[in-house]
Each structure stands twice: as C-alpha cells, then as structure tokens.
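Just below is one structure, and these are the notes that go with it.
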Amino acid sequence: MRVKRVGLPLVNVVKLRGTPILQQLLLEERLLRSSSANWCIVNDGTNRPNIVMGLSGKPCELVELEPVIRDRVPFIKRFTGGGTVIVDENTLFVSLICNRNDVPDVQPYPRSVMAWSGSLYSQVFNGIGDFQLRENDYVFGDRKFGGNAQSITRNRWIHHTSFLWDYSESNMAYLKLPSRVPQYRLERDHTDFVCKMKDYIERAVFIEKTIKAVGTQFMLKELSLDEIDDSCREHIETTRLLTLDELKETLAKTTRSESIAQAV
Amino acid sequence: MIARRIWRSHRFLRPFSSSSVCAPPLLAPYHSQSFASPKSRPFLVPCLSLMKWCEGGGGSRSWFSNEAMSIDSDAGGGFIDVPLAQTGEGIAECELLKWFVKEGDPVEEFQPLCEVQSDKATIEITSRFKGKVALISHAPGDIIKVGETLVKLAVEDSHDALLVSSDTPGNVEPICSQPKLDTLVGALSTPAVRTLAKDLGIDINLVTGSGKDGRVLKEDVLQFSGQKQNVTDSAPSDNPFIRGDSVSTSFEDQIVPLRGFNRAMVKTMTMATKVPHFHFVEEINCDALVKLKHFFKEHNTDSTVKHTFLPTLIKSLSMALTKYPYVNGCFNEESLEIILKGSHNIGVAMATEHGLVVPNIKNVQSLSLLEITREMSRLQHLATNNKLSPEDVTGGTITLSNIGAIGGKFGSPLLNLPEVAIIALGRIEKVPKFKEDGSVYPASTMMVRI
C-alpha cells in the first residue's frame with residue numbers, strides 16, 4: 001500500500017514522446033513565465049535532428065553554418081542560457097519548473113539548483129556508472145552524458161537537461177568546438193569527452209526512475225499535453241526558430257569579415 | 001547579499017596659496033601621471049550568508065538584487081547604484097542579455113530590471129527599490145563583473161530639484177519647463193559632451209537636451225554656450241575646480257541644494273572640525289627622492305608601470321609609522337582609548353568627477369614599492385570609473401593628500417575621522433638654498449603639513 005505523502009508540494013508530470021523540441025521549449029517557456037504550478041516535463045526523444053542554441057549564442061561561432069543551411073537543419077534559439085546541442089530521437093529531455101517557495105531548501109542560484117538536480121539524479125543513477133555533477137554537466141566518471149541549462153526568474157526557475165542516450169557522429173559534425181568549454185574537458189575532443197547513456201541504463205528505466213525520484217520531493221500528478229491550460233499567452237516569448245534567411249545572412253557576414261581579415 | 005558602497009568624503013582643503021577660491025570645497029586631485037594599463041584584479045565583493053534572503057516560505061524578497069547607497073545615509077535619498085549581485089560562488093561575471101526597463105521608466109519594488117546570463121543560467125535581476133531608472137550603465141551583450149553597477153535608480157524621496165527663481169528671465173526659462181526627472185538625475189549625455197561642457201565652463205544640468213529621452217547633445221551645449229555669451233556671468237568659470245553651479249544669467253539669487261558628496265562632506269567636515277587639530281609644517285629636502293624616481297624610470301622594465309613620487313612617500317610613511325605607532329592610531333571618543341592599528345592602511349585622496357574619495361592601500365608595511373605602485377594605479381582606475389568597492393574605501397588608518405599635484409605649496413587638511421593624522425604634501429620644487437659659507441645650491445624641496 002502506498003503511503004500517502006501529505007505536505008509535499010504538487011508537481012504536474014507531463015510525459016511526451018517524439019514531441020518536436022521547439023514545441024517543448026515554447027511550452028516550457030510559457031509554463032515558466034505564466035504558470036504558478038510546478039512542472040516536470042519528460043520528452044522521450046524529439047522527432048528529428050534540431051540544433052538548439054542558448055539564449056546569447058552566436059550561430060556562426062557555434063555551428064558549421066554551411067552544412068546546416070545546406071541540410072536545412074532546424075536551428076532554435078532557446079530561452080535559457082548555456083551551450084549548443086544537436087538533439088534527435090535519441091536525446092531524452094527532462095525539465096523541472098519549480099516555484100522557489102516549494103523547494104525552500106534550494107536557493108534560486110544556478111549552482112544551488114544544479115546541486116539539487118544532481119542529488120535527484122544520484123537517486124536515479126544509484127549504483128550505475130560513476131554518476132557525478134561536474135561543473136554544469138552530468139557525467140559518468142569524466143565523460144559527459146547530460147547538459148543543463150536554467151532560467152531563474154523572480155519566484156520560479158527552470159532547470160532542463162538534454163541526455164545523450166545515443167547520438168550520431170554525423171550529427172555532431174554540425175557543431176563547432178565551443179570557445180567556452182568546461183575545465184574538466186581539458187583538451188579532449190568530442191568522442192573522448194562524451195559518452196552514451198544507453199551503455200549504462202535502459203531508456204524506459206531511466207524515465208521511470210527519474211519520475212520516481214521527483215516523487216520523493218513532490219506529489220506527482222500526471223497531465224497530458226491537451227490538459228494543459230494554454231490560455232495565458234501574455235508572457236514574453238524568446239524561444240524561436242531562426243529562419244533560413246537569417247542563417248544565410250549570418251554566414252554571408254561571417255565569410256565577408258573572414259575574407260577582410262585575411263586580406264588585411 | 002548586500003554590497004554597501006558608502007562613500008566617505010572627509011577632507012576639506014583650504015589652500016594657502018594666493019589664488020584663493022570661493023565657497024565650494026576644493027577637491028584635491030591626485031593626478032600625478034595617468035597609469036597606462038593598471039593591473040587588473042578580480043573584483044571581490046564581500047559575501048554574506050544567503051540564508052538572510054530566503055526566509056522559508058514567507059520570504060518574498062528577491063535575493064538577486066542589491067542595494068548600494070552611493071551617498072551617506074543621512075543625506076536622505078538620491079541615487080542608488082544597483083550592482084550585479086553575486087549569482088553563485090565562483091561566478092565573477094555575467095553577460096547582460098536584455099533590459100526590461102529603459103531610462104526614465106518608473107520601477108516598483110521587485111520589478112524585473114534586466115536579464116543576465118552566467119554559464120548556463122539566465123537570471124532575472126529585480127529591483128529592491130521603488131524609483132525611476134536614472135541611468136543604464138550597460139547594453140545587451142556587455143559582460144558585467146559582479147559588483148559593477150548595472151543601473152542607477154533615482155529613489156523617490158529625493159525631490160531636490162534644481163530650483164531656479166521663477167522671476168529669472170531669458171535662458172533659464174526653458175530649463176524650468178524640463179521634466180522633473182532631468183533635474184533629479186542630472187543631464188543624460190555622453191562623456192565627450194560632458195567634457196565639452198566642462199571645458200566651456202557650463203553646468204551640463206542647465207542645458208536643455210534635444211536628444212532621445214532629453215539627452216544633452218554636443219549641439220545643445222554649443223548652443224547654450226552661445227546663449228551664455230549674451231548673459232552676465234558672475235562666477236569665475238575658467239576655474240577648473242568650481243563645478244559650474246554658479247553660472248547665473250541675471251542678478252537673481254540662485255539656490256543650489258547640496259546633494260550627494262557635497263552634502264556628506266559638509267557633515268563629516270563639521271564633525272572633523274570639532275576635533276582639536278595640531279598642525280606642523282616642514283620643508284623636506286627631496287633630492288634623494290628625485291634621484292630615486294629617476295632611477296626607477298631609467299630602469300623600468302615594465303612598460304605598464306609609471307613611476308611617481310607617491311609610492312615612495314607612502315612606503316616611507318609606513319616605515320615611519322613603524323617607529324611611531326601612535327600616529328597610525330584610532331581614537332575612541334567614548335572610551336577615551338587609542339587603538340594602535342597593526343596594519344598601515346594608507347589612504348590617498350583622489351578627486352574624481354563623482355567627488356573626493358579616499359581609497360586606501362592595505363598593509364603597506366608588507367608591500368614592496370612596485371606593489372604599492374600597482375595598487376595605487378588600480379585604485380585610481382577604479383576611482384575614476386566610480387567603481388571602488390566598500391573594502392577599498394574603509395579601514396584606512398592614516399591619509400595622504402597630495403595637494404602638490406594641483407600646484408599648491410601647502411594645504412590645511414582636516415582629519416579623516418576616526419584617523420588621528422593626515423598629511424598634506426606640497427609640490428616638489430627646486431629652490432635655491434644657502435650653504436654655510438654663503439654659496440647657493442639648488443635643492444628639491446617639498447612642503448609637508450601634518
């Protein structure tokens with residue numbers, strides 16, 4: 001018999017599968033800004049490869065624009081900070097949107113929220129691999145398998161993660177080596193720096209254990225996408241898909257400045 | 001986390017030289033030479049426990065906004081610098097992403113001001129105060145160090161507008177009709193325009209701005225200057241040390257309320273005059289000092305360092321303090337005790353366009369000349385940019401005031417309480433001296449008043 005947990009704050013759990021990442025991010029931004037509930041969104045893979053860049057990123061510095069334009073890879077700018085990833089059907093997403101008052105032990109700091117999430121996932125990966133929090137990443141040993149980003153507003157914050165359950169090398173080729181890398185990366189190239197979660201845990205097991213771990217701190221309530229009230233749309237929306245024209249223009253500008261630099 | 005920047009302006013110098021100046025306090029600038037590229041240091045902001053801010057479920061205060069009183073709390077309102085708060089241990093800087101407000105907008109307490117990004121997190125910075133946005137210091141894309149001012153707010157209880165007599169005709173009329181905000185925050189303009197106004201001896205606050213948001217442009221200043229020519233000017237506007245407050249366009253009285261530093265200075269100087277002062281004046285032969293400076297200059301391997309007299313004087317003072325620790329003391333009036341301070345934290349008066357500040361170099365007794373030079377340069381740079389931290393301006397044990405830099409022979413300084421001694425240094429001049437036998441020799445001397 002399950003013991004009824006009283007006194008825990010409520011969290012709405014939304015389980016998605018193959019939902020386009022743009023739709024997911026727009027939903028998350030809306031829930032962060034317009035909702036007052038706690039949310040846990042899990043997306044079991046997105047529908048197709050997408051590049052997702054942090055709020056302040058510059059496309060020309062982060063991706064190889066020519067192949068991206070040539071192959072029409074959707075390029076999304078999200079509302080949280082952090083780095084650039086390429087996600088696809090083998091990327092798992094877990095997002096936690098919380099009222100800071102509902103998690104009073106967690107200071108609304110990037111580091112505190114990161115640490116709290118680390119303790120949550122420690123329960124998930126208990127006994128599996130050598131799970132750790134390293135700077136802003138989730139790692140097994142010293143290899144990254146999950147990247148994080150956050151947005152902290154006055155009373156709420158979001159912490160969302162993209163997990164590399166599996167990835168393809170050819171997709172990774174769209175990304176440039178970022179200028180800002182975590183210290184623990186040292187000089188390692190991509191293949192030596194990341195690892196695949198599938199080598200450690202089953203997909204369904206991971207999702208189930210994650211939701212269970214959230215359930216240790218919240219009272220869970222499952223909601224489907226349709227049940228979410230999306231009437232409130234007054235918030236500022238910063239997540240968006242960059243147009244092909246924008247990418248082409250950026251490429252043109254970059255090529256121009258590079259050739260000027262060379263000529264000089 | 002609170003970072004308090006309390007400016008203490010305690011010095012009032014009355015120069016003894018013949019070119020006397022009138023009422024507004026003379027600022028004693030320390031501008032020996034400008035240092036090329038001062039050594040950059042991590043901008044440390046004291047960390048307070050966060051528990052203060054997150055008071056369980058009931059706390060509605062925002063942790064990530066900050067207060068910094070830019071003036072003495074007794075002065076009753078004014079401008080508040082909102083610095084970038086510490087967003088997490090080890091995070092030294094953030095990128096400004098966007099503003100939610102613009103200059104002139106009213107803000108409520110807890111209203112979001114802007115969004116910044118540090119590492120992986122975007123964070124909203126909210127206002128702790130109700131007021132109006134006076135000055136936005138950064139643009140989206142700028143990297144801001146923790147502790148740097150993000151925005152200046154005009155807090156609503158400072159209603160000291162620049163009052164001008166209503167009978168005053170002519171050029172002053174347009175200023176009366178300007179929105180109150182202009183007089184509250186001072187004119188908005190670029191540094192270049194401010195310099196132009198200063199060179200022309202114009203108080204930029206009196207100029208009507210024709211730019212965006214009432215911004216004062218170059219043309220506005222030039223036009224105002226042209227208008228000013230037709231009007232009687234009773235103040236000596238060519239004196240660089242008078243703020244242009246005394247420009248009058250007719251023979252009417254003008255009321256200039258004291259705000260900010262001036263206000264604080266009146267209070268602190270009045271307090272200082274209550275303390276019995278003993279003055280001792282001496283002339284010091286500085287031949288050796290001149291030689292030393294020359295030597296440093298010649299053998300300077302580091303092009304970023306510019307050698308001046310002051311670091312040597314600071315170090316010499318420290319060595320003297322070791323011999324006479326009472327001079328490096330602190331007097332407690334209530335208990336009638338003198339605390340002989342262990343560290344020699346030597347303050348150096350610096351005049352900036354924001355006012356007179358006295359940052360101090362800590363632990364001079366343990367520093368080498370080069371370290372002192374570098375630290376001086378760092379403090380000067382911060383002072384000019386109005387970015388001194390509370391740590392930089394507190395904890396001083398004795399003060400040096402370099403009146404010589406502006407050409408006076410000697411000044412009459414007031415104590416920087418609770419210190420017990422202050423030293424005013426005059427200019428080093430070459431003067432003729434007589435030997436025993438009556439022959440004349442040149443000597444570099446400096447007048448010193450303790």
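Convention: sequence-line order gives letters A, B, ...; per-chain numbering from 1.
- The CG atom of A/L55 sits 6.0 Å away from the NZ atom of B/K98 when rounded to the nearest 0.5 Å.
- Between atom CD1 of residue B/I123 and atom OH of residue A/Y109 there is a gap of 9.5 Å, rounded to the nearest 0.5 Å.
- The number of heavy atoms from other shown groups lying within 6.0 Å of CD (A/E249) does not exceed 12.
- In terms of heavy-atom proximity, A/S151 sits nearest to B/E115 at OG-OE2, 3.9 Å.
- Ranked by heavy-atom pairs under 4.5 Å with chain B, the first of A/G54, A/S56, A/A149 is A/S56.
- Counted within 6.0 Å of NZ on A/K176, heavy atoms from surrounding residues, nucleotides or ligands total more than 12; the atom is thus considered enclosed.
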